[in-house]
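This report concerns only the one structure given below.
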Amino acid sequence: EDQNEESEEFLRSCALSDVTGVMSADVVLVYNTAKSEGKAVEQGIAIAMQIPIVCMTPFEKPSSNIFHHLHQYTHVRTFDEALEVIDGLK
């Protein structure tokens with residue numbers, strides 16, 4: 001039972017750290033290779049706070065996620081392209 005409480009506290013701490021990190025970010029870089037609930041929450045925070053999102057994915061097919069079509073998103077295929085976009089946001 002003690003181990004569960006420590007684990008819950010650790011997970012809560014990680015979640016709060018992620019929320020704080022996104023809220024204080026100038027831009028959020030998403031490496032989009034698979035569905036992820038955590039990644040979706042972090043993007044939702046960025047959307048709500050009007051933080052630009054650079055979405056890097058190796059797939060040729062456009063994302064079917066409706067939120068990926070919002071104006072805050074810039075889609076790129078490579079890390080170098082992502083860095084160019086991020087540099088241009090400064």
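Heavy atoms only: backbone and side chains are in, while hydrogens, waters and symmetry mates are out.
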So, the side chain of His75 versus the backbone of His69: is there a donor-acceptor pair under 3.5 Å, distance only?
-> no

Quick one: does Val76's side chain get under 4.5 Å of Glu84's, heavy atoms only?
-> no

Are any of the side-chain nitrogens in Glu9 or Arg12 under 4.0 Å away from the carboxylate oxygens of its partner?
-> yes

State, yes or no, whether a side-chain contact exists between Asn32 and Phe59 at a heavy-atom distance under 4.5 Å.
-> no

For His68 and Cys55, the nearest pair of non-hydrogen atoms, with its separation, is CE1-SG, 4.1 Å

Got a donor-acceptor contact below 3.5 angstrom from the Ser17 side chain to the Ser13 backbone?
-> no

Count the heavy atoms belonging to other residues, nucleotides or ligands that lie under 6.0 Å from CD of Glu37, then report whether that count exceeds 12.
-> no

Considering all heavy atoms of both residues, which atom of Lys39 and which atom of Ala34 are nearest to each other, and what is their separation?
-> NZ-O, 2.6 Å

Above 12 or not: heavy atoms from other molecules or residues under 6.0 Å from CG of Asp26?
-> no

Just wondering, do Glu81 and Met56 contact through their side chains at under 4.5 Å, heavy atoms?
-> no

CD1-OG1 distance between Ile45 and Thr20, expressed to the nearest 0.5 angstrom | 9.0 Å

Would you mind reporting whether Glu42 and Val28 have side-chain heavy atoms less than 4.5 Å apart?
-> no

Treating Ile, Leu, Val, Met, Phe, Trp and Tyr as nodes and any side-chain heavy-atom pair under 4.5 angstrom as an edge, say whether Met23 and Val41 lie in one connected cluster.
-> yes

Do Val27 and Tyr31 belong to the same hydrophobic cluster, where Ile, Leu, Val, Met, Phe, Trp and Tyr are linked whenever their side-chain heavy atoms lie under 4.5 Å apart, directly or via other members?
-> yes

For Val22 and Ile51, the nearest pair of non-hydrogen atoms, with its separation, is O-CD1, 3.1 Å

Following the transitive rule for hydrophobic clusters with a side-chain heavy-atom cut-off under 4.5 Å over Ile, Leu, Val, Met, Phe, Trp and Tyr, establish whether Val19 and Leu11 coincide in one cluster.
-> no

Euclidean distance, Ile47 CD1 relative to Leu70 CG, rounded to 0.5 Å = 5.0 Å

From CD (Gln72) to CZ (Phe67), nearest 0.5 Å = 11.0 Å

